[in-house]
Amino acid sequence: MIELEGLTKHYPNSKKPAVDDFSLKMAEGETCVFVGPSGCGKTTILRMINRLVEPTSGSIRIDGKDVLSADQDQLRRNMGYVIQQIGLLPHRTVRDNVALVPRLLGWAEERTLKRVQELLGLVGLDPEETGGKYPHQLSGGQMQRVGVARAMAADPPIMLMDEPFGAVDPIVRSRLQDEFLQIQHSFNKTICFVTHDIDEAMKMGDKVAIINEGKLVQHGTPMEVLSQPAGPFVRNLLGEDRGVKLLDLTKCQDLMRRDEGLLQKLQGNPCTIGALQPVKAALEVMLRKDCDTVTVLRGDRAVGALTWQEIKGHIHGLSGEDHEL
Amino acid sequence: MGSAGGFLAYMEGIGEFWRGILTFIMENRQRIMEYTLNHFSLVLTVLALSLALWVSVGILISRNDKTANAVMGISNILFCIPSISLFGLFITIPYLGLGRRSAALALLLYAMMPLVRNVYKGIKSVDRYVLESGRGMGMSAAQILFHIQIPLAWPVVFAGIRVTVVLITGIATVATFIGERNLGRLIHHGLTRSNSQMIVAGALLVSLMALLLDFLMGLVEKKITSPGLRE
């Protein structure tokens, strides 16, 4: 568990603190996304956790241990760190880049190389083909993958990620996000993830921390934030399409009606959707095929139905109360 | 016939001139060998000393921009002093005197500008995000210096080393005036005796030595620079 308490960073040449009395708890195995406009202090908070920035006041504890009195280098070797610019060492091969932290930790060479093979495979790179290449021979997406593999090399319980997918094009970004969610699903690391992209925050986060001018504005699950935004700043950040975003976060199986009679009637309905798909995809099917009811499938079997009325009601029930801005 | 015959005569003259140089070199090969070895050993001594000294200085000043500016300012001023006056100045200092010590010290000071500057620039040119990721992964300051900054600065540092080698090979000729028995002596004596073949022979051998050293440095550079830094 990571606990930030009263964290403040005051840079000498500025009047306002970059981070102002910031407190937050992150549970083990949780992905917490720091989101906010540029200059809001989110990166500074992240960099205080691995002490690339020293806080002016406040405390940081990891599993109850005070981070600020720990040995800096040891601390960082036990935290994965990924930045947007990646910062691969250009004079080292992909293999040596990924092996960096294990070697710093003094792992046996055999163990290190085995781990490198495993990780390159995990992030979707062919270890034989890519391992011997140098960073300048890789595409942007491949470099990001190597960056993630390098951060995970020594299997750190905590990962700090600063806009890790910010430098690649939208298609690659979305693929990297999906793959990372998969990886996270099986490794369950505690992740602090910084982004300015609210959609990315909603997609990647178990929890979202919305930050403005160095202060925590709201902290909660994406669903909580979308359905009960704390004030105009959050509402503004979420954008005009909060309802649609909600539909993106809700799975069809969570909203569908299990009504045998209705399913009977819907036999042969051309509008179908997988149970694990977001409701947004069901909406898309409705609009495209011009129907009001979508049959929800698990495998080949119809397990429920989703109607236009239900979708409307869902959005209204969660977000319909605050029309005032 | 006139012009054709004149041209032939001219060509023959040139041929004669170069044959003369070859003959001169062959006839004086023992002396020239001594000069060459002296020249070479002076250059190597200075190169070894200046690498040890100026590379360290370049690394040290990369930690502090203020000091860096001051040090590089000094190196620029030193570089502007005409070599003959610097040699002349050193021989008046006890212990240094005529000969190798004064020569080596003066050349060492000339090597300062290209070396210190290039080491500094090379280290400063390392991408800040590469440094940031190194720090973020828990590399110590020394590990960052030896595993990131120095290897990444190599190409720029090497450019400086190659300039330095050529430079000191050339300036070393002037040390003949303070008693160094090197290839500069051929040029010096050629001048006083109006013997152009002697001058050219000296100049030619000095250039060959500079080119050879530069070529060898190029090989070392290729060997030492990571393939990841070659485009």
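Computed from a predicted structure; not experimentally measured.
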Check your understanding: Step by step, would you call Met26(A) with Lys207(A) a side-chain contact (heavy atoms from CB on, under 4.5 Å)?
Key -> CA-CA 9 Å; Met26(A) 286 165 261; Lys207(A) 288 280 183 64; over 6 Å; no
Practice item. Write down the atom of Cys192(A), the atom of Ile2(A), and the distance for their closest heavy-atom approach. Key: SG-CD1, 4.0 Å
Revision key, fill the gap. Scanning both residues in full, the closest heavy-atom pair of Val172(A) with Gly141(A) reads CG1-CA, 3.9 Å
Check your understanding: Is Leu219(B) atom CG crowded by more than 12 heavy atoms from other residues, nucleotides or ligands, each under 6.0 Å away?
Key -> yes
Check your understanding: Counting distance only, does the side-chain N/O of Arg51(A) pair as donor-acceptor with the main-chain N or O of Asp71(A) below 3.5 Å?
Key -> no
Point to revise | Of Leu212(B), Val206(B), Leu213(B), the residue whose pairing with Met209(B) passes side chain to side chain contact (heavy atoms under 4.5 Å, CB included) | key: Leu213(B)
Review point. So, for Asp96(A) and Arg103(A), which heavy atoms are closest and what is the spacing to 0.1 Å?
Key: OD1-NH1, 3.1 Å
**Study point:** Option from Val123(A), Val116(A), Thr130(A), Leu88(A) for which side chain to side chain contact (heavy atoms under 4.5 Å, CB included) with Val98(A) holds
**Key:** Val116(A)
**Study point:** Enclosure of His10(A) NE2 (heavy-atom neighbours >12, cutoff 6.0 Å)
**Key:** yes
Check your understanding: Crowded around Gln30(B) CD? As in, over 12 foreign heavy atoms under 6.0 Å?
Key -> no
Check your understanding: In residues 115-140 of chain B, which residues are in contact with chain A at a heavy-atom separation under 4.5 Å?
Key -> Tyr129(B), Val130(B), Glu132(B), Ser133(B), Arg135(B), Gly136(B), Met137(B), Gly138(B), Met139(B), Ser140(B)
Check your understanding: Would one find more than 12 heavy atoms of other residues, nucleotides or ligands at under 6.0 Å from atom CD of Glu110(A)?
Key -> no
Review point. Are any of the side-chain nitrogens in Arg115(A) or Glu118(A) under 4.0 Å away from the carboxylate oxygens of its partner?
Key: yes
Check your understanding: Considering all heavy atoms of both residues, which atom of Val208(A) and which atom of Ala201(A) are nearest to each other, and what is their separation?
Key -> CG2-O, 4.0 Å
Practice item. Kindly check if the number of other-residue, nucleotide or ligand heavy atoms within 6.0 Å of CZ (Arg29(B)) is above 12? Key: no
Study note, to complete from the structure: Heavy-atom nearest pair, Ile21(B) first then Ala201(B), reads CG2-CB, 4.0 Å
Check your understanding: Between Ile86(A) and chain B, which part of the residue has a heavy atom less than 4.5 Å away: side chain, backbone, both or neither?
Key -> backbone
Revision key, fill the gap. Cut-off 4.5 Å, heavy atoms of chain B, and the answer for Leu52(A) is both
Practice item. Answer yes when Lys42(A) and Asp162(A) have at least one side-chain N-carboxylate O distance shorter than 4.0 Å, and no when they do not. Key: no
Exercise for review: Determine the minimum heavy-atom distance between Ser23(A) and Leu216(A), stating which atoms define it.
Suggested key: O-CD2, 3.5 Å
**Study point:** Largest heavy-atom contact set with chain B, pairs under 4.5 Å, which of Leu89(A), Leu160(A), Thr93(A)
**Key:** Leu89(A)
Practice item. Answer yes or no: is there a side-chain heavy-atom contact under 4.5 Å between Met161(A) and Val148(A)? Key: yes
Point to revise | Residue Pro135(A) versus chain B: region with a heavy atom under 4.5 Å | key: neither
Practice item. Please list, in residue-number order, every residue in residues 144-154 of chain B that has a heavy atom less than 4.5 Å from any heavy atom of chain A; write 'none' if there are none. Key: His147(B), Ile148(B), Pro151(B), Leu152(B)
Revision key, fill the gap. Ordered numerically, the heavy-atom neighbours of chain A under 4.5 Å found in residues 82-101 of chain B are none
Review point. Is the Phe22(A) ring parallel, tilted or perpendicular to the Phe34(A) ring (thresholds 30°, 60°)?
Key: perpendicular
Practice item. Identify which of Gln74(A), Gln85(A), Gln137(A) forms the greatest number of heavy-atom pairs closer than 4.5 Å to chain B. Key: Gln85(A)
Check your understanding: Counting a contact as any heavy-atom pair under 4.5 Å apart, which residues of residues 161-183 of chain B contact chain A?
Key -> none
